[in-house]
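The block underneath contains the structure these notes are about, expressed in structure tokens.
So you know, we letter chains A, B, ... as the sequences are listed, proteins then strands, and number each from 1. Everything numeric in this text was worked out from a predicted model, so none of it was measured.
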2 protein chains.
Amino acid sequence: MDFKYETAVTLAQVAEAAGVGESTVSRVLRNHGSFSGKTRDRVMAAVERLGYVPNRIAGTLASAGSRLVAFVVPSLSNIVFADVLRGASSTLEQNQHQAVFAVTDYDPAREEALVASMLAWRPAAVMLAGYEHTQGTVRMLRAASCRIVELLDIDGVALDLAVGFSNHDAGCRSAHYLLQRHYGRIGYVGHDLERDTRAGKRYAGFCETLSAGGSPLVDREIHAGASSVENGRLGLERLLTRSPDLDAVYFSNDDMALGGYFHCLARGISIPSQLAIFGYNGLDIGRVTPQPFSTIRTPRVATGQVAAQLVVENAPAQVVDLGFELIEGATA
Amino acid sequence: MDFKYETAVTLAQVAEAAGVGESTVSRVLRNHGSFSGKTRDRVMAAVERLGYVPNRIAGTLASAGSRLVAFVVPSLSNIVFADVLRGASSTLEQNQHQAVFAVTDYDPAREEALVASMLAWRPAAVMLAGYEHTQGTVRMLRAASCRIVELLDIDGVALDLAVGFSNHDAGCRSAHYLLQRHYGRIGYVGHDLERDTRAGKRYAGFCETLSAGGSPLVDREIHAGASSVENGRLGLERLLTRSPDLDAVYFSNDDMALGGYFHCLARGISIPSQLAIFGYNGLDIGRVTPQPFSTIRTPRVATGQVAAQLVVENAPAQVVDLGFELIEGATA
DNA sequence: ATGAAAGCGCTAACAT
DNA sequence: ATGTTAGCGCTTTCAT
């Protein structure tokens, strides 16, 4: 079977059908410049009749102004990035921009390759997660004439725009909370901190605050792989095998914490009396568990929205701190 | 502060710097046609020196062959679509294609608008969820000279390519399983079936099989909103208030089922002896709960991969049934 | 208010 | 093996 590669209707054909010049059609379609109501009607009629769909490839090339926004995110399965994309995509749509994306799997080298390939589309902006990029990535981005937005992190020096919150502070706040509640033998269960540098920053802040408070971290279990509910469960199991006398555990995020929570349920460990659990992200699921999670809620959708807004209005370089909110649940 | 809108380096500049013609540079860059090793080195050196990044906008316009693939998905927060995108995006990348996306929020009218806007990029293919589209959407897609891929559903007539599995059959299989296990008073908890038509097909198949088996559905609770863990919990609570004597409940998917599971945990309802729970999707999280979920695992990532592969190789129109797998967990 | 014509940066014949 | 030359389908001056 063969496919209909009928050449699409072009603006020139519309112009001819409407009996006007090409530029007139262009003006009418973009509602820019002047034209009479009569011509507009004629043009629109022709557009309708022929089923004309403007070719943005050509339009972009001619006007040198791209309406593409490139997202280079570590993962799509991670609800965090899905939320950011969702927030951004509605704002972008409303402003006639298009989202293009690529997934790095938390690999900086892949990020570099993907940024290169994205830049070939001459996007209006490139959106990245966090501050940790290869030299090559930074060089390319600097050389490109597009906006750069670093998302979900503000602990560092921004290349251009940055929208998010301080992961380091989030770690500190979590530690404060636990100390305040008189937990004293605290452990940590996390995933690959080298790759997820934002989790690394939270961990660092958490440990600093614990130490400053006189109750340094007792033990930790760090899984080399990605964050997941399963790894959280496994991590807590291992941690408790080594250090059964912990009274609280900080998880690298809510997914991991949920795994820990399941482990406790399965083993009959009562929460929080025997063991307190503290997470990060404030996922919806943590509000539906039999005991709502103690965690930190991050403004993920808002991060996407604000980032998109700044790009759309071509705002000056700046760092926007959206903050976060500590949720006092029932698990710690 | 102002931004560096330095005009980017063009192929012509590279050609000049390398002392060769434009087409030679083009050939070298695309590794197509013939050129000497010497010239290749000269060209590559110039590319490197100038930091040249090819402009795909121009390239696409000139070659009339787009390497964009447009995804119009109902939701990104739903892990199902994130998985499909993930599967597709790696395959696409390997073949120098780019994914563009837009989110419909399960609204057919938005789908139509977004398809129109996507078509303006002259994509090589448009990927959609399922078969239910507005007349306008179908007309536009038919008129466009691009491949159309309908994902995650094969219960219907495909426009061009379709990759997925039968949701209707999945519903039937689930019912069979429950009947076989001698559950007899069966209920259903679901979300908006009008919008999520695939869930609707499962529901239909499920009910048919139950009736045929002599144990028609006893009661159902359908939440008007989207699927979520919270709505699953709420739904089960309501259902049990009305029909406390059910012995099994089928959920529209694992997210909803997880909510139901949490409800049981919170209320001390023992699973599966007091109440059996059956889900759909086979999410990872369902394997980590204290009792692994009884559910149906769907090939989401594979759906994305296969769809991308077919597009890349411009395969003839066809329907690919990837099937599904029933997982005998501990909840039913 | 409208049309003509010159590009935008590249690819793809067609020469040589 | 390499250069020359038309476009691709628009937008954008610049006339009129």
Side-chain angles (χ1 to χ4, degrees), chain A residues 5-44 46-47 50-68 96 119-124 144-145, chain B residues 5-44 46-47 50-68 96 119-124 144-145:
Chain A
Y5 280 126
E6 356 158 314
T7 41
V9 180
T10 68
L11 182 142
Q13 294 171 33
V14 174
E16 171 148 32
V20 300
E22 296 188 26
S23 45
T24 302
V25 176
S26 179
R27 286 188 201 101
V28 171
L29 257 29
R30 285 173 305 124
N31 193 26
H32 181 275
S34 49
F35 45 81
S36 70
K38 227 174 258 184
T39 18
R40 197 204 43 232
D41 294 345
R42 280 228 309 265
V43 169
M44 294 316 277
V47 164
L50 300 180
Y52 172 66
V53 178
N55 184 332
R56 284 208 206 183
I57 301 273
T60 302
L61 180 61
S63 65
S66 166
R67 286 180 165 280
L68 282 176
Q96 287 79 248
L119 252 19
W121 288 103
R122 298 291 187 269
S145 50
Chain B
Y5 279 127
E6 356 158 314
T7 41
V9 180
T10 69
L11 183 142
Q13 292 170 36
V14 174
E16 170 148 34
V20 300
E22 296 188 27
S23 48
T24 302
V25 176
S26 179
R27 285 188 200 100
V28 171
L29 257 30
R30 285 173 303 127
N31 194 25
H32 181 277
S34 51
F35 44 82
S36 71
K38 226 174 260 185
T39 24
R40 195 201 49 231
D41 294 345
R42 278 228 309 264
V43 168
M44 293 316 275
V47 164
L50 300 179
Y52 172 67
V53 178
N55 184 333
R56 284 212 206 182
I57 301 274
T60 303
L61 181 60
S63 65
S66 167
R67 287 179 165 278
L68 281 177
Q96 288 77 249
L119 252 19
W121 288 102
R122 298 292 188 269
S145 51

[X] side chain: which of [options] is closest?
X: A:S36; options: D:dT11, C:dT2, D:dG9; value: C:dT2
X: A:S63; options: D:dT12, C:dT11, D:dG3; value: D:dT12
X: B:T24; options: C:dG3, D:dA1, D:dG3; value: D:dG3
X: B:T10; options: C:dA12, C:dG9, D:dT11; value: C:dG9
X: B:E22; options: D:dT12, D:dG3, C:dT11; value: C:dT11

*Mind pulling the stems DNA chain D is in, i.e. runs of at least three Watson-Crick or G-U pairs, everything under 3.5 Å?*
C:1-16 with D:1-16
Gap between atoms [atom1] and [atom2], on [X] and [N] respectively (whole Å):
X: B:H32; N: C:dC10; atom1: NE2; atom2: P; result: 18 Å
X: A:R30; N: D:dT13; atom1: CZ; atom2: P; result: 10 Å
X: B:L11; N: C:dA12; atom1: CG; atom2: C1'; result: 13 Å
X: A:R27; N: D:dC10; atom1: CZ; atom2: P; result: 15 Å
X: B:W121; N: D:dC10; atom1: CH2; atom2: P; result: 13 Å
X: B:N31; N: D:dA1; atom1: CG; atom2: P; result: 13 Å
X: A:F35; N: D:dT16; atom1: CZ; atom2: P; result: 24 Å

[X] side chain near [N] phosphate (N/O to OP1/OP2, under 4.0 Å):
X: A:S23; N: D:dT13; value: no
X: B:R122; N: D:dC8; value: no
X: B:S26; N: C:dT11; value: yes

*Measure the CG-OG1 distance between B:L29 and B:T24 for me, rounded to the nearest 0.5 Å.*
11.5 Å
_Can you tell me how far apart OG1 (A:T39) and CE (A:M44) are? Round to the nearest 0.5 Å._
12.0 Å
_For A:N31 against A:F35, the heavy-atom pair lying closest together_ = OD1-CZ, 3.8 Å
*Which residues, if any, of residues 52-62 of chain A bring a heavy atom under 4.0 Å of DNA chain D?*
A:Y52, A:N55, A:A58, A:G59, A:A62
*Counting N and O atoms only, with roles assigned by atom type, does the side chain of B:S66 sit under 3.5 Å from a partner on the main chain of B:R122, one being a donor and the other an acceptor?*
yes
*Is any side-chain heavy atom of A:W121 less than 4.5 Å from a side-chain heavy atom of A:T60?*
no
*Check the side chains of B:S36 and B:R40 for a donor-acceptor pair under 3.5 angstrom, ignoring hydrogens and angles.*
no
Listed pairs under 3.5 Å, donor-acceptor, residues 15-23 of chain A side chains, sequence neighbours left out:
none

